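Since the structure is predicted, the reported quantities are computational estimates derived from the model, not experimental observations.
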There are 2 protein chains.
Amino acid sequence: MSQRRRPTQVDIARAAGVSQATVSLVVSGGPASGQVAEQTRRAVLDAAAELGYTVNAAARSLKGGRNRMLGLYTFEAVFPVDQRDFYFPFLLGVEEATAEFGYDLLLFSSVGTGKRRIYSGGINRLKVADGCVLLGRHIDHADLADLVREDFPFVFVGRRELPGTELSYVAPDYVGATRDMVRRLTGVGHRRLAYLRPADHQEPTRDREDGFRAGLADAGLPDQPIHEIPDDADLAATDARLAALLDEWLADDVTALLVEPSEDDQAIAALERVATEAGVRIPDDLSVALLGDPAPSGAGRATGRNWTRFTLPREDMGRAAVGLLLELLEADDGPRRLSVACTAVDGDSVGRPR
Amino acid sequence: MSQRRRPTQVDIARAAGVSQATVSLVVSGGPASGQVAEQTRRAVLDAAAELGYTVNAAARSLKGGRNRMLGLYTFEAVFPVDQRDFYFPFLLGVEEATAEFGYDLLLFSSVGTGKRRIYSGGINRLKVADGCVLLGRHIDHADLADLVREDFPFVFVGRRELPGTELSYVAPDYVGATRDMVRRLTGVGHRRLAYLRPADHQEPTRDREDGFRAGLADAGLPDQPIHEIPDDADLAATDARLAALLDEWLADDVTALLVEPSEDDQAIAALERVATEAGVRIPDDLSVALLGDPAPSGAGRATGRNWTRFTLPREDMGRAAVGLLLELLEADDGPRRLSVACTAVDGDSVGRPR
DNA sequence: TCGGTGCTTTAATACGTATTAGAGATTCTA
DNA sequence: TAGAATCTCTAATACGTATTAAAGCACCGA
């Protein structure tokens with residue numbers, strides 16, 4: 001009646017009067033499946049149906065080395081409230097693509113990992129999955145080095161560089177998106193543009209700068225001013241700096257401004273404040289476009305303004321990362337990179353030049 | 001340097017000059033772990049760290065050990081757009097609690113499983129996890145029976161009954177929530193209440209009825225009318241039926257109505273239509289409270305009205321399910337049940353009696 | 001010195017599957 | 001009709017782990 005134990009291939013074999021190997025041949029439907037006589041095949045299938053046989057995933061993985069599981073490792077907690085909105089689309093894309101390909105998704109909790117312990121915690125857990133998608137800003141470089149050294153297949157969401165190695169990642173096409181944004185501004189008549197970026201000079205920032213220059217070149221315009229906002233300055237200092245810049249721009253007939261959002265969006269909030277104070281209306285007196293999404297909990301969102309910007313194709317990036325990872329599993333012949341187009345968002349912060 | 005194959009306990013054993021069994025004792029940290037000499041333990045740990053050892057989940061499950069992984073199996077896709085809002089909080093709760101207890105979460109993709117195929121898919125994948133949280137409305141009873149028969153630890157989100165067995169689940173406290181809602185209505189002066197429920201007579205429906213009666217008893221009121229709305233009727237029929245009921249209630253001096261949301265919320269939409277047509281204003285002429293959340297994509301939400309209702313503590317339920325599951329893993333001594341309190345939501349569909 | 005007593009380690013085994021070399025049986029070829 | 005070719009099936013094995021009975025060892029009391 002109700003067995004305590006699930007029926008195995010051995011049970012089926014006994015019932016059908018064949019060997020376990022034959023059962024395996026029939027049910028796994030592998031390449032050698034055709035060599036089984038129709039009559040035998042039928043007997044096995046009948047017995048399997050009769051006993052309610054199902055394959056044991058653990059055993060199959062053990063034998064084959066693959067688990068048909070993809071991991072998602074996040075360097076920060078994905079779910080906490082203030083991050084939820086930002087990370088969810090990535091998660092969504094990863095989950096959908098994973099399911100589509102018939103894999104299961106293993107979410108690794110980095111929460112409370114604190115110290116890296118080899119067995120229970122730490123990066124090694126990842127390896128129960130066939131490969132891993134990595135998500136999050138604040139990478140533990142030691143962990144990352146471990147993964148690379150051990151030749152574990154993984155794909156980053158977002159561009160990552162590790163000196164001396166080639167990582168696989170899916171990155172937004174910041175160059176193209178920025179170029180398009182410039183094109184859009186010049187398209188409505190702007191001829192003097194300024195560009196405001198955080199002080200730290202990572203790749204995403206450099207890419208946007210390249211896009212900025214390319215956009216200007218497209219429009220046959222000369223290079224235009226690029227300004228930095230220190231990330232760690234206090235509010236007052238930021239305001240003062242921006243006020244000075246604003247004067248400079250107005251004096252210089254700048255009619256449009258590109259701003260790269262930083263992690264806290266201080267600059268964006270400050271800009272809104274300073275402009276209001278100086279009687280400069282956006283977009284009437286100055287068009288402003290953001291080169292990316294305002295920070296999820298940052299001031300840029302808090303202002304309530306619907307900024308003209310481009311937005312990360314987060315879901316697509318998640319999906320693409322899974323695709324890349326599966327390629328990597330298929331043939332581990334080197335790192336994979338992929339650029340995904342950003343989506344332009346019409347806001348109300350861009351108009352025609354005065 | 002970078003091995004192609006993942007190091008196993010045998011590799012560690014060789015490196016540390018001990019046996020595989022010793023390695024297993026050290027790294028699995030089981031009950032007999034203390035019997036290993038400190039010096040040996042250290043040697044093993046060092047070798048493991050050196051080689052980057054990680055346990056093979058498949059092998060461990062096959063053997064019957066624990067993985068510190070909890071599964072989340074959904075009978076429908078959790079993420080598809082139209083369900084996203086509804087299921088997400090459960091997922092959130094499950095994920096948070098899982099992480100809190102230091103487990104990882106394995107999301108099983110039921111997507112595309114369609115027919116239960118004997119070989120690749122099916123319910124048995126679940127067993128790579130230590131236990132499983134089950135989520136979703138449309139259960140495959142055969143799958144469920146399998147799980148029970150095999151004595152696999154799982155906890156349902158939502159009350160489930162399987163004839164002949166005792167399942168573990170976390171369920172909303174419909175009795176208490178309904179009782180509170182009645183109390184609230186009688187508290188503001190209502191003395192004649194009516195109760196509208198779908199035709200199918202599942203436990204959740206029965207619970208609410210019990211709560212209704214209890215609430216009436218609390219207020220010292222006699223039993224009040226209970227009406228059914230057939231679930232499969234067409235729109236016109238539903239409208240006609242409701243119109244008739246509305247007349248009846250008004251003639252009977254009913255001032256407040258309790259409605260149990262059904263899967264498609266036809267009744268709620270119909271109620272709004274019929275009331276408008278008859279010139280009956282909600283809540284001025286008739287107070288209406290929902291005994292639960294309107295269906296995620298149903299008409300009840302579409303009306304745009306902010307119904308006074310109670311809402312499922314979805315996140316709490318997810319968390320509680322994980323807690324129960326961990327208890328179950330600790331001591332498999334029988335099914336566990338838990339009731340979670342619902343949250344009252346102030347809407348604008350309830351007022352004082354006319 | 002001998003048997004006993006903790007203490008530490010190991011050999012052996014089972015879990016359920018996929019694969020491979022080859023064994024039997026049957027049919028084809030010359 | 002012998003030998004080759006073909007068709008079916010099976011025995012044996014490996015995958016990596018947890019568990020258990022027992023082995024080895026040092027130390028102790030008698």
Side-chain angles (χ1 to χ4, degrees), chain A residues 3-14 16-44 47-48 51-68 119 124 127-128 130, chain B residues 3-14 16-44 47-48 51-69 118-120 122 124-128 130 150 152:
Chain A
Q3 302 262 354
R4 198 118 208 96
R5 196 175 55 85
R6 153 213 308 281
T8 72
Q9 290 186 352
V10 174
D11 299 319
I12 309 305
R14 195 173 300 133
V18 298
S19 73
Q20 175 268 322
T22 303
V23 175
S24 176
L25 283 179
V26 172
V27 300
S28 61
S33 175
Q35 71 180 201
V36 177
E38 190 50 36
Q39 189 181 356
T40 311
R41 152 186 245 83
R42 176 115 351 245
V44 169
L51 300 185
Y53 169 78
T54 50
V55 73
N56 180 316
R60 176 175 278 177
S61 308
L62 176 56
K63 180 62 180 136
R66 288 286 161 87
N67 278 330
R68 272 199 103 67
Y119 307 108
N124 314 41
K127 292 201 283 187
V128 306
D130 297 345
Chain B
Q3 302 263 354
R4 197 115 208 97
R5 196 175 56 86
R6 282 161 43 161
T8 71
Q9 290 185 351
V10 174
D11 299 318
I12 311 305
R14 195 173 300 132
V18 298
S19 73
Q20 175 268 324
T22 303
V23 175
S24 176
L25 284 179
V26 172
V27 301
S28 61
S33 174
Q35 71 181 201
V36 177
E38 191 50 36
Q39 188 181 355
T40 310
R41 151 186 245 82
R42 172 92 23 222
V44 169
L51 300 184
Y53 170 78
T54 51
V55 69
N56 180 317
R60 179 175 277 180
S61 321
L62 178 55
K63 183 55 187 154
R66 291 282 161 85
N67 272 328
R68 279 199 96 68
M69 290 172 24
I118 298 195
Y119 321 112
S120 61
N124 16 4
R125 286 181 300 164
L126 302 207
K127 289 219 304 191
V128 304
D130 298 345
E150 290 164 18
F152 181 77

Inset, instruction - Show the numbers, then the answer: is there a side chain to side chain contact (heavy atoms under 4.5 Å, CB included) between A:Arg41 and A:Glu38? - result: CA-CA 5 Å; A:Arg41 152 186 245 83; A:Glu38 190 50 36; 3.5 Å; yes
Inset, instruction - Applying side-chain contact (heavy atoms from CB on, under 4.5 Å) between A:Ile12 and each of A:Thr22, A:Val18, A:Val23, A:Val27, report the one that passes. - result: A:Val23
Legend entry - Short side-chain N/O contact to C:dA18 OP1/OP2 from A:Gln9, under 4.0 Å: yes
Inset, instruction - Quickly work out the A:Lys63 NZ to D:dG16 P distance and round it to whole Å. - result: 9 Å
Inset, instruction - Would you kindly give the CG-to-P distance between A:Asn56 and C:dC15, to the nearest whole Å? - result: 12 Å
Legend entry - Nearest-Å distance for atom pair OH/P, residues A:Tyr53 and C:dG16: 10 Å
Inset, instruction - Name the residue closer to the 5' end of DNA chain C, choosing between B:Leu62 and A:Ala21 according to the nucleotide with the nearest heavy atom. - result: B:Leu62
Legend entry - Interatomic distance where CD1 belongs to B:Ile12 and C1' belongs to D:dT17 [whole Å]: 13 Å
Legend entry - Under-4.0 Å side-chain N/O to phosphate OP1/OP2 contact, A:Thr8 with C:dG16: no
Do any N or O atoms of the protein come closer than 3.5 Å to N or O atoms of nucleotides 4-9 of chain D, and which pairs are they?
| residue | atom | partner | partner atom | Å |
| --- | --- | --- | --- | --- |
| D:dC9 | OP1 | A:Thr40 | OG1 | 2.0 |
| D:dC9 | OP2 | A:Ala37 | N | 2.7 |
| D:dC9 | OP2 | A:Thr40 | OG1 | 3.2 |
| D:dC9 | N4 | A:Gln35 | OE1 | 3.1 |

Legend entry - B:Arg60 side chain near D:dG16 phosphate (N/O to OP1/OP2, under 4.0 Å): no
Legend entry - Shortest non-hydrogen contact from B:Thr8 toward B:Asp11: N-OD2, 2.8 Å
Legend entry - Selection from D:dG16, C:dA12, C:dT17 that lies nearest to any side-chain heavy atom of B:Gln20: C:dA12
Inset, instruction - Taking all heavy atoms of B:Ser19 and all of B:Ala13, pick out the closest pair and write down the distance. - result: C-CB, 3.5 Å
Legend entry - Spacing of B:Lys63 atom NZ and B:Ser28 atom OG [to the nearest 0.5 Å]: 12.0 Å
Inset, instruction - Assess whether side chain to side chain contact (heavy atoms under 4.5 Å, CB included) is satisfied between B:Asn56 and B:Arg60, documenting all intermediate values. - result: CA-CA 6 Å; B:Asn56 180 317; B:Arg60 179 175 277 180; over 6 Å; no
